[in-house]
> 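Quick one: this structure, given as structure tokens, is what I'll be asking you about.
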There are 2 protein chains.
Amino acid sequence: MDQLHLRMDSLSPHQHFYAGEFRHSIDEKNRITVPSRWRRDEAEEFILLPEANHLFLLVMSPEEFGGMSSAVESNQAVSAHDRRIFLRHLHSRAQHGIADRQGRLVLPEELCRKIGLKDEVALVGGRGRFEIWNLHRWKRAHEEETPTYQHVANVIGL
Amino acid sequence: MDQLHLRMDSLSPHQHFYAGEFRHSIDEKNRITVPSRWRRDEAEEFILLPEANHLFLLVMSPEEFGGMSSAVESNQAVSAHDRRIFLRHLHSRAQHGIADRQGRLVLPEELCRKIGLKDEVALVGGRGRFEIWNLHRWKRAHEEETPTYQHVANVIGL
DNA sequence: CCCACTTGACCCCACTTTTAACCACTTCTC
DNA sequence: GAGAAGTGGTTAAAAGTGGGGTCAAGTGGG
């Protein structure tokens, strides 16, 4: 199983970097502006992937997602059965998202409800992907619960 | 035969994937609308392949099916006899399906009955193909499998 | 063997709902 | 102060859905 971890970490060497943390508001139509520094071209396309227990929303490029998918698919450390199940979950949880010309991403209603994205949210940079958190939850995880965050971070490999 | 499964999982040389899970209704004429994001071009042609024990219906492009077929054919890990049997099953189970101009796919009556596709169904994305499930069965399967997903997900770092 | 009738597939039209494109204004940054 | 970034709201287009009409293939009877 450790090989899987290694594989995911090393998959896209050319990966785009999203640096920093932004606090934006999400409007009544569940739109959120992607920070201008994180945009690459107009009419940008993203894949939205809620974290397993709806702690935050992962946002990445389709290429990144494709790489993730094929990394799982070709990983021989896990049984074929488990890979099938996992791939099904991965793809079924993922959603398409397209930014408008103002650089805003429209998030599905259901996703926002489950993750608790309303009013103020935090956009947290990462490698190849960034995360959208409920602001209060982010503050808690980041500032107050640093050890727990550290632990999660280690698992995630940030 | 397990090697064959392995092989089928790892083919898809092209990167096209269907992201997300849609809950649509199937009408009285057994028509189901393919989500617009999943459509490639007008008058689209699909291959319908019921899963071995009628758990769900696999839908894919003819090219994908061709690739699947030839991958089985050229797999040297399985005896020629087994390959012949498997190929015969594969081709006998497969059916043609064409979408109308509204993007709806008409499913054969018998297939719907066997798989239990009526009223509400779930369209589950995948790599190079998507699946059509009876909604209740999908919910059950999805929830039951979650622990396994959690396990793998933690390792991968989602 | 041909004709009439039945059945079912397919195509198109009309309506409803959802989505995304666009415009205008405010705020922030340099 | 100017330009870029972010926000709010309206409008137009596309997606989804239901139903009806038409044509073709299949079937049975004369």
Side-chain angles (χ1 to χ4, degrees), chain A residues 16 18-48 57 59 61-62 94-113 117-125 130 132-135 138, chain B residues 18-48 57 59 62 94-114 117-125 130 132-135:
Chain A
H16 186 67
Y18 300 99
E21 176 219 321
F22 293 81
R23 295 178 185 192
H24 282 178
S25 60
I26 186 168
D27 68 19
E28 284 157 5
K29 291 163 96 185
N30 299 322
R31 295 182 298 189
I32 188 164
T33 53
V34 176
S36 62
R37 296 205 184 129
W38 290 1
R39 299 178 207 157
R40 278 181 288 178
D41 37 51
E42 291 212 359
E44 212 165 356
E45 197 184 350
F46 293 102
I47 297 292
L48 316 174
L57 179 67
V59 183
S61 67
Q95 304 212 21
H96 268 281
I98 296 172
D100 66 11
R101 258 207 336 212
Q102 278 74 29
R104 282 179 299 195
L105 198 51
V106 186
L107 305 181
E109 173 71 33
E110 195 192 353
L111 229 50
C112 290
R113 213 184 51 247
L117 301 179
K118 209 185 151 196
D119 304 324
E120 295 293 304
V121 297
L123 291 113
V124 184
F130 61 92
I132 305 179
W133 289 69
N134 169 294
L135 185 57
W138 165 248
Chain B
Y18 301 98
E21 176 218 319
F22 293 82
R23 292 176 187 193
H24 283 178
S25 59
I26 187 168
D27 66 20
E28 284 156 7
K29 293 160 126 183
N30 298 322
R31 295 181 299 188
I32 189 164
T33 53
V34 177
S36 62
R37 293 239 169 85
W38 292 2
R39 299 177 206 156
R40 310 296 285 169
D41 39 50
E42 291 212 0
E44 213 165 355
E45 196 184 350
F46 293 102
I47 298 292
L48 315 174
L57 179 66
V59 183
Q95 303 206 24
H96 267 280
I98 296 173
D100 67 10
R101 260 212 331 214
Q102 277 75 30
R104 284 179 295 196
L105 197 53
V106 186
L107 304 181
E109 173 69 34
E110 195 194 353
L111 229 49
C112 289
R113 214 185 50 248
K114 279 188 181 167
L117 302 179
K118 210 186 150 197
D119 303 323
E120 295 292 304
V121 297
L123 291 113
V124 183
F130 61 90
I132 305 179
W133 289 68
N134 169 294
L135 185 57

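Sequence lines set the chain letters: A, B, ... in the order given, protein chains first and strands last, and positions in each chain run from 1.
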> When the distance from NE2 of A/His24 to P of C/dT27 is rounded to whole Å, what number comes out?
15 Å

> CG of A/Asp100 versus C1' of C/dC23: gap in Å, rounded?
12 Å

> How long is the straight-line distance from NE2 of A/His96 back to CD of A/Glu45, given to the nearest 0.5 Å?
5.5 Å

> Nearest whole angstrom, please: distance from the P of C/dC12 to the CD1 of B/Ile98.
14 Å

> Let me know the distance between CZ of B/Phe22 and C1' of C/dT19, rounded to the nearest Å.
12 Å

> Could you give the distance from CG (A/Leu123) to CD1 (A/Ile32), rounded to the nearest 0.5 Å?
4.5 Å

> Which residues in residues 102-110 of chain B have a heavy atom closer than 4.0 Å to any atom of DNA chain D?
B/Gln102, B/Arg104

> Check the angle between the aromatic planes of A/Tyr18 and A/Phe130 and answer parallel, tilted or perpendicular using the 30° and 60° thresholds.
perpendicular

> If you define the side chain from C-beta out and look only at heavy atoms, does anything of B/Gln95 sit under 4.5 Å from B/Ile47?
no

> Does a side-chain N or O of B/Arg101 approach OP1 or OP2 of D/dT17 to a distance below 4.0 Å, or not?
no

> Indicate whether OP1 or OP2 belonging to D/dT7 is found under 4.0 Å from a side-chain N or O atom of A/Ser25.
yes

> Can you check whether B/Leu48 reaches B/Val59 side chain to side chain, under 4.5 Å on heavy atoms?
yes

> Rounding to a whole Å, what distance do you find between B/His96:NE2 and C/dA9:C1'?
16 Å

> Quick one: A/Glu28 CD to D/dG8 P, roughly how many Å, whole number?
8 Å

> Reckon A/Thr33 has a side-chain N or O less than 4.0 Å from the OP1 or OP2 of D/dT7?
yes

> For the CD1 atom of A/Ile132 and the CD1 atom of A/Ile26, what is their distance to the nearest 0.5 Å?
7.0 Å

> Under 3.5 Å, side-chain donor or acceptor atoms of residues 102-112 of chain B against the rest of the protein: list the pairs with distances, not counting sequence neighbours.
{"from": "B/Arg104", "atom 1": "NE", "to": "B/Asp100", "atom 2": "OD2", "distance (Å)": "3.4"}
{"from": "B/Glu109", "atom 1": "OE1", "to": "B/Asn30", "atom 2": "ND2", "distance (Å)": "2.9"}
{"from": "B/Glu110", "atom 1": "OE2", "to": "B/Lys114", "atom 2": "NZ", "distance (Å)": "3.2"}

> Give, for atom CG of B/Asp119 and atom CD of B/Glu28, the distance between the pair rounded to the nearest 0.5 Å.
9.0 Å

> With rounding to the nearest 0.5 Å, note down the distance linking NZ in B/Lys118 to OG in B/Ser25.
13.0 Å

> In whole Å, I'd like the distance from the CG atom of B/Asn30 to the P atom of C/dG8.
12 Å

> Measure the distance from CG on B/Asp27 to P on C/dC10 and round it to the nearest whole Å.
14 Å

> What are the atom names and distances for every N/O pair under 3.5 Å that joins the protein to nucleotides 20-26 of chain D?
{"from": "D/dG20", "atom 1": "O6", "to": "B/Lys29", "atom 2": "NZ", "distance (Å)": "2.1"}

> What does D/dG30 pair with, Watson-Crick or G-U, if both distances are under 3.5 Å?
C/dC1

